[in-house]
Amino acid sequence: MKGVKGFIALLILFSILFIPAEPVSAEDGSALQRVQDQGVLVVGTSADFPPFEFYAVVDGERQVVGMDMMIAQKIADDLGVELQIQDIGFDSLLPALEARNVDVVIAGMTPTAERRRNVDFSDIYFRTFQNIMIRAEDEDIYDSIESLRGLTVGVQSGSLQEELAEQIPDAEIMSLTDLNDLLLALKTNRIEAIVMQGPNAEAHAGHDEDLHTFVGDFEMDDDDQGSAIAFRKGEDSLVDAVNESLAEIKEQNLIEEYLAKAGEYMAQTELDEDGEEIEAGFIASYWEYFLDGTLITLLISASAVFFGLILGSLLALMRLSKVFLVKQLATAYVEFVRGTPLLIQVMFIYFASGMFFNLPALTAGIIAVSLNSGAYIAEIIRSGINSVNKGQDEAARSLGMSKNDSMRYIVFPQALKNIWPALGNEFITIIKESSIVSVIGVGELIFQTRVVRSISFQGILPLFITMLIYFALTFSLTKLLNFYEGRMNHD
């Protein structure tokens with residue numbers, strides 16, 4: 001009963017902190033004026049979708065490029081603001097838009113009737129078609145929707161293709177967030193086909209001789225055959241301004257120019273002094289991606305360990321307190337955090353914060369992992385302290401020590417030996433669980449692996465390299481922790 005009261009108190013606290021007292025109006029005066037006053041247009045996208053949006057090296061720097069990004073730059077220039085791109089998983093784009101983490105979504109998105117109920121769309125800027133991707137060896141076997149009857153078909157979760165795949169008779173649908181995972185599943189015979197947007201399918205098939213694609217004979221509404229830009233409901237001034245830019249793009253036939261430029265980025269090669277193509281190895285080409293991802297992973301992990309230790313120690317002392325309210329608040333927090341997935345916590349903190357202020361994705365990720373780790377560290381510390389014989393504290397107090405001195409000099413040093421192995425396991429777990437923050441676009445190791453898979457058209461090799469990096473990090477930390485554990489046991 002006491003735990004229930006504490007849990008209810010925590011829920012009330014969360015509602016005060018994160019739920020606005022009144023609904024926030026989307027059209028706060030003028031959405032267009034707001035963007036121009038800020039001087040930045042924040043565009044949400046999912047950069048694993050060539051030729052629409054993908055990564056390439058431009059002037060020595062890795063950037064998100066593609067047809068959609070050129071459209072975004074044209075819009076930003078017309079509005080007189082800078083362009084800022086947020087790379088987020090496709091199925092998290094609309095939540096990010098509604099939570100005000102981004103101003104618009106430009107990601108080859110189809111303005112379906114279901115999506116229109118939640119967001120507004122611009123005019124359609126690109127008429128497209130829907131393809132089916134298969135293995136090249138199956139080219140003579142599958143050539144229509146009917147030929148895929150009863151087979152396992154992959155689609156990107158949250159996409160139009162997820163709905164279209166239902167037209168395949170008796171098909172078993174596999175929905176994944178990342179298109180690269182779908183392509184890997186296809187190559188490893190986990191699925192027999194993928195429903196993909198036409199230009200994207202052709203881009204992948206054109207760079208991989210093991211793949212073949214053909215146009216699918218799907219039944220679609222007119223709106224389902226094009227791509228548009230998504231806005232929050234009611235932001236009519238911004239929609240009108242963007243439509244003016246799209247009209248200029250159509251009038252000047254810039255789409256073909258943008259597609260041609262995107263094709264150049266996809267085919268870019270490094271040349272030597274004689275103009276000959278340099279055959280660079282995989283590691284030589286992409287080592288910076290893995291290095292950057294590893295450094296961000298270490299930053300998140302180190303920050304989470306530092307703040308998690310502080311929070312965990314405080315929560316452990318609160319749980320050991322004899323003050324009812326203090327103890328129940330700590331208990332409720334620990335139970336709530338341990339009872340909810342870290343993925344949901346990361347998304348909640350990032351998206352909920354967008355309703356009030358612009359919290360960077362990296363900061364949101366560090367906060368979420370730290371808050372989660374603190375709950376587990378609290379239980380580790382509490383159990384370690386409880387494992388020390390109560391007679392130790394009583395003996396210290398009988399010698400005239402205060403309660404704080406007894407805890408500091410007698411109880412905690414003994415508890416530390418007991419909790420060190422579990423604490424070390426938690427540190428190792430943090431390194432691996434930090435990968436979850438990639439869902440909100442933080443450029444840690446898993447995120448960078450997805451980028452490499454997208455631009456290299458390699459499925460397995462980047463995953464293998466990432467596994468080796470994680471193993472090296474965790475193995476090194478394990479040896480370091482074991483060394484200090486041995487030192488403590490000898491003392």
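Keep in mind that what you see is a predicted model, and the values were worked out from it rather than measured.
Within a 6.0 Å radius of CZ in F475, other residues, nucleotides and ligands contribute 12 heavy atoms or fewer. Heavy-atom contacts from other residues, nucleotides or ligands closer than 6.0 Å to CD1 of I141 number more than 12. Around the CD atom of E251, the shell of radius 6.0 Å holds no more than 12 heavy atoms that belong to other residues, nucleotides or ligands. Atom CD of E172 is surrounded by 12 or fewer heavy atoms from other residues, nucleotides or ligands within 6.0 Å. By the 6.0 Å contact criterion, CD on E209 is open, its count of non-hydrogen atoms from other residues, nucleotides or ligands being 12 or less. Annotation for E248: atom CD counts as buried by contact number, over 12 foreign heavy atoms lying within 6.0 Å.
A 4.5 Å side-chain heavy-atom check between I249 and I71 finds at least one atom pair inside the cut-off. For the pair R115 and L94, the minimum side-chain heavy-atom distance is below 4.5 Å. Within the 4.5 Å cutoff, the side chain of L160 has heavy atoms near those of the Q130 side chain. In this structure, F231 and D236 have side chains that are not in contact, with every pair of non-hydrogen atoms separated by 4.5 Å or more. Looking at V102 and V43, their side chains never come closer than 4.5 Å, going by heavy atoms from C-beta outward. Residues Q33 and D37 have side chains in contact (heavy-atom distance under 4.5 Å, counting atoms from C-beta outward). Contact of the D208 side chain with the L211 side chain is registered, since non-hydrogen atoms from C-beta on lie closer than 4.5 Å. For the pair F218/V195, a side-chain contact is recorded, criterion being any heavy-atom separation below 4.5 Å from C-beta on.
Nearest approach of F121 to A230, heavy atoms of both residues: CE2-CB, 3.8 Å. Nearest heavy atoms, E235 versus D103: OE1-O, 4.2 Å. Scanning both residues, S435 and K432, for their nearest heavy atoms gives OG-O, 2.8 Å. Here the closest heavy-atom approach between residue L186 and residue A193 is recorded as CD1-N, 3.7 Å. In plain terms, the two heavy atoms of A375 and Y333 that are nearest each other are CB-CE2, 4.2 Å. Among all heavy-atom pairs drawn from F351 and S92, the shortest one is CZ-O, 3.8 Å.
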Could you walk me through whether T152 and E192 satisfy the side chain to side chain donor-acceptor pair (under 3.5 Å) test, starting with their C-alpha distance in whole Å, then the side-chain angles of each, then the deciding distance to 0.1 Å, before giving a yes or no?
CA-CA 6 Å; T152 303; E192 297 302 317; over 6 Å; no
Check the pair Y55, Y289 against ring pair (Phe, Tyr, Trp, His ring centres under 6.0 Å), reporting the backbone distance first and the verdict last.
CA-CA 11 Å; Y55 280 87; Y289 292 84; 7.3 Å; no
Evaluate M69 against T45 for side-chain contact (heavy atoms from CB on, under 4.5 Å), listing each step before the verdict.
CA-CA 9 Å; M69 298 302 97; T45 192; 3.8 Å; yes
Determine whether Y258 and D68 satisfy the following criterion, side chain to side chain donor-acceptor pair (under 3.5 Å), listing intermediate values before the conclusion.
CA-CA 8 Å; Y258 292 163; D68 281 349; over 6 Å; no
Kindly indicate, with the supporting measurements, whether the criterion side chain to side chain donor-acceptor pair (under 3.5 Å) is fulfilled by S144 and E146.
CA-CA 5 Å; S144 65; E146 183 62 33; over 6 Å; no
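A donor-acceptor pair is defined here as one N or O able to donate and one able to accept, closer than 3.5 Å; no such pair exists between the side chain of S303 and the backbone of I366. A donor-acceptor pair under 3.5 Å is formed between the side chain of T478 and the backbone N or O of T474. Judged by distance alone, the side chain of S159 and the main-chain N or O of Q156 form a donor-acceptor pair under 3.5 Å. Side-chain N or O atoms of S434 include none that pairs as donor or acceptor with a backbone N or O of I300 at under 3.5 Å. Not a single donor-acceptor pair under 3.5 Å links the side chain of Q197 to the backbone N or O of N131. Judged purely by atom type and a 3.5 angstrom limit, D48 has no side-chain atom pairing as donor or acceptor with the backbone of F54. Under the 3.5 Å distance criterion, the side-chain polar atoms of T297 are matched with a main-chain donor or acceptor of L445. No donor-acceptor distance shorter than 3.5 angstrom exists from the side chain of Q448 to the backbone of E444, with no hydrogens or angles considered. When atom types are taken as modelled, the side chain of N243 and the backbone of D123 share a donor-acceptor pair closer than 3.5 angstrom. Side-chain atoms of S122 come within 3.5 Å of backbone atoms of I229 as a donor-acceptor pair (strictly under, hydrogens ignored).
The structure places CG of L246 at 5.0 Å from CD1 of I75, a figure rounded to the nearest 0.5 Å. The distance from the OG1 atom of T449 to the CG atom of L463 is 7.0 Å, given to the nearest 0.5 Å.
No side-chain N or O of E114 forms a donor-acceptor pair with one of T112 less than 3.5 Å apart. Side-chain contact check for R338 and N372: no donor-acceptor pair (N or O, by modelled atom type) lies under 3.5 Å. Side chains of T340 and Q345: a donor-acceptor N/O pair is present below 3.5 angstrom, by distance only.
For the side-chain contact (heavy atoms from CB on, under 4.5 Å) criterion with I132, the lone passing option out of L164, I194, I145 is I145. With L97 as the fixed residue, the side-chain contact (heavy atoms from CB on, under 4.5 Å) test singles out one of N118, V119, V42: V119.
Cation-pi contact between K261 and Y265: present, with separation from the ring centre below 6.0 Å and deviation from the ring axis of at most 45°.
Using a cutoff of 4.0 Å between basic side-chain nitrogens and carboxylate oxygens, D77 and K74 are not scored as salt-bridged. Using a 4.0 Å cut-off between charged side-chain N and carboxylate O, R453 and D181 make a salt bridge.
Two rings, from F126 and F52, have their centers less than 6.0 Å apart.
By the 30° and 60° cut-offs, the orientation of the rings of Y286 relative to F282 is tilted.
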